[in-house]
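Here is the structure we will look at, set down as structure tokens.
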Amino acid sequence: QVQLVESGGGLVQPGGSLRVSCAASGNIGSILTMGWYRQAPGKQRELVAVITNAGDTNYAASVEGRFTISRDSGKNTVYLQMNSLKAEDTAVYYCNAGGWERGVPVEYWGQGTQVTVSS
């Protein structure tokens, strides 16, 4: 089992920056990828960024060049650095982890952290 806890988030004006964090605990050895999703009211949850154990990253087109996903050396914490924030970035940001446990694909979600971009 893996537990994910997001932190950070808050109110930022357009053009500002914010970094959210996701701390993973439990059977972290089972994790192959970690990522961030977001969901705004009335909209579907969308992928923002992912990072693999090998360090490969992928971003949604809407955030590429502005957001950066990274992880610590222990690979149990993932960060999302958000720069040049726009009002449309306002959403609840969820941490996600995917991997395998005893040959079974598994997926975990955090509770989410609110990011509001407004002047």
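Nearest heavy atom pair, residue Ile69 against residue Val78, reads CG1-CG2, 3.6 Å. Taking every heavy atom of both residues into account, Asn76 and Asp72 meet most closely at OD1-OD2, 2.8 Å. Nearest approach of Leu80 to Ala49, heavy atoms of both residues: CD1-CB, 4.3 Å. Across all their heavy atoms, Cys22 and Met34 have their closest contact at SG-CE, 4.0 Å. Closest of all the heavy-atom pairs between Ser21 and Tyr79 is OG-CD2, 3.2 Å. When every heavy atom of Pro14 is checked against every heavy atom of Ser118, the shortest pair comes out as CD-C, 3.6 Å.
A donor-acceptor pair is defined here as one N or O able to donate and one able to accept, closer than 3.5 Å; such a pair exists between the side chain of Asn96 and the backbone of Tyr108. Ser30 contributes no side-chain N or O that, together with a main-chain N or O of Glu101, makes up a donor-acceptor pair within less than 3.5 Å. A donor-acceptor pair under 3.5 Å links the side-chain atoms of Thr90 to the main chain of Val117, judged by distance alone. Put simply, the side chain of Arg19 never gets that close to the backbone of Asn83: no donor and acceptor are under 3.5 Å apart.
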Checking side chain to side chain contact (heavy atoms under 4.5 Å, CB included) for the pair Met82/Val115: CA distance, chi angles, key distance, verdict? CA-CA 10 Å; Met82 300 178 286; Val115 173; 3.9 Å; yes

Between Trp36 and Glu6, is a side chain to side chain contact (heavy atoms under 4.5 Å, CB included) present by the stated rule, with each step listed? CA-CA 10 Å; Trp36 289 94; Glu6 299 97 335; 3.8 Å; yes

Working note: Gln39 + Tyr94, criterion side chain to side chain contact (heavy atoms under 4.5 Å, CB included); need CA distance, chi angles, decisive distance, verdict. CA-CA 8 Å; Gln39 186 169 24; Tyr94 296 92; 4.2 Å; yes

Chi angles and distances behind the side chain to side chain contact (heavy atoms under 4.5 Å, CB included) call for Glu46, Arg38: CA-CA 6 Å; Glu46 64 175 346; Arg38 67 185 182 186; 2.7 Å; yes

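To the nearest 0.5 Å, the span separating CG on Leu85 from CD on Gln13 amounts to 10.5 Å. Rounding to the nearest 0.5 Å places CG of Leu18 at 9.0 Å from CZ of Phe67. Distance check, rounded to the nearest 0.5 Å: CD1 of Ile51 to CD1 of Ile31 gives 12.0 Å.
Tyr59 and Val48 end up in the same hydrophobic cluster when Ile, Leu, Val, Met, Phe, Trp and Tyr side chains are linked at under 4.5 Å. Grouping the Ile, Leu, Val, Met, Phe, Trp and Tyr side chains by contacts below 4.5 angstrom, directly or via other members, places Val92 with Leu47.
Heavy-atom neighbours of Gln111 CD from other residues, nucleotides or ligands within 6.0 Å: at or below the threshold of 12. In this structure, Gln3 places its CD atom where more than 12 heavy-atom neighbours from other residues, nucleotides or ligands lie under 6.0 Å away. Taking a 6.0 Å sphere around CD of Glu107, one finds it holds more than 12 heavy atoms contributed by other residues, nucleotides or ligands.
No cation-pi contact links Arg45 to Tyr37, judged by a cut-off of 6.0 Å to the six-membered ring centre and 45° from its axis.
Counting heavy atoms from C-beta outward, Val106 and Gln1 have side chains that stay 4.5 Å or more apart.
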